[in-house]
Amino acid sequence: MYSVVSINNDEMTKNVELINLKTGTIDKCFDDSALVSDMNFDFINVGSEFNCKIKLFGNAVSNLQEKAILCKIVDKNIIVGTKKW
């Protein structure tokens, strides 16, 4: 479960900060659904709680690199993209 901490609206994109209620980590996401669809996430409000998946962009790498981000896998049964973690 995630709770919405803050929402910053740009012209076409929303920057959303979520707190993972299981781990306490803050995840920074963006919503650009208004650019590509009539269906969007206007129902999201600060303080709302959601059971959601967060899609990660990029490629999995086998070795740690200088600009790599180390992600913590909380639930190994979740499928992200094409890979089950």
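For the numbers below, each heavy atom of this structure counts, side chains included, while hydrogens, waters and symmetry mates do not.
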Nearest 0.5 Å, what's the CE-CD distance between Met1 and Glu49?
-> 5.0 Å
Looking only at heavy atoms, what is the nearest atom pair of Val4 and Val16, with distance?
-> CG1-CG1, 4.1 Å
Decide yes or no on side-chain contact (heavy atoms from CB on, under 4.5 Å) for Asp27 and Tyr2, but give the supporting numbers first.
-> CA-CA 9 Å; Asp27 295 311; Tyr2 290 87; 3.2 Å; yes
Linking I/L/V/M/F/W/Y whenever any side-chain heavy atoms sit under 4.5 Å apart, do Phe50 and Val5 land together?
-> no
Can you name the nearest heavy-atom pair linking Ile44 to Ile7, along with the distance?
-> O-CD1, 3.5 Å
Can you see which heavy atom on Cys29 is nearest to which on Leu18, and at what distance?
-> SG-CD1, 3.9 Å
Partners of Asn15 by side chain to side chain donor-acceptor pair (under 3.5 Å), sequence neighbours excluded?
-> Asp10
Smallest heavy-atom separation, Gly47 atom then Ser3 atom, equals O-OG, 4.0 Å
Nearest 0.5 Å, what's the OG-CD1 distance between Ser6 and Ile19?
-> 11.0 Å
Output yes when a side-chain donor or acceptor of Asn20 lies under 3.5 Å from a complementary backbone atom of Thr23, and no otherwise.
-> yes
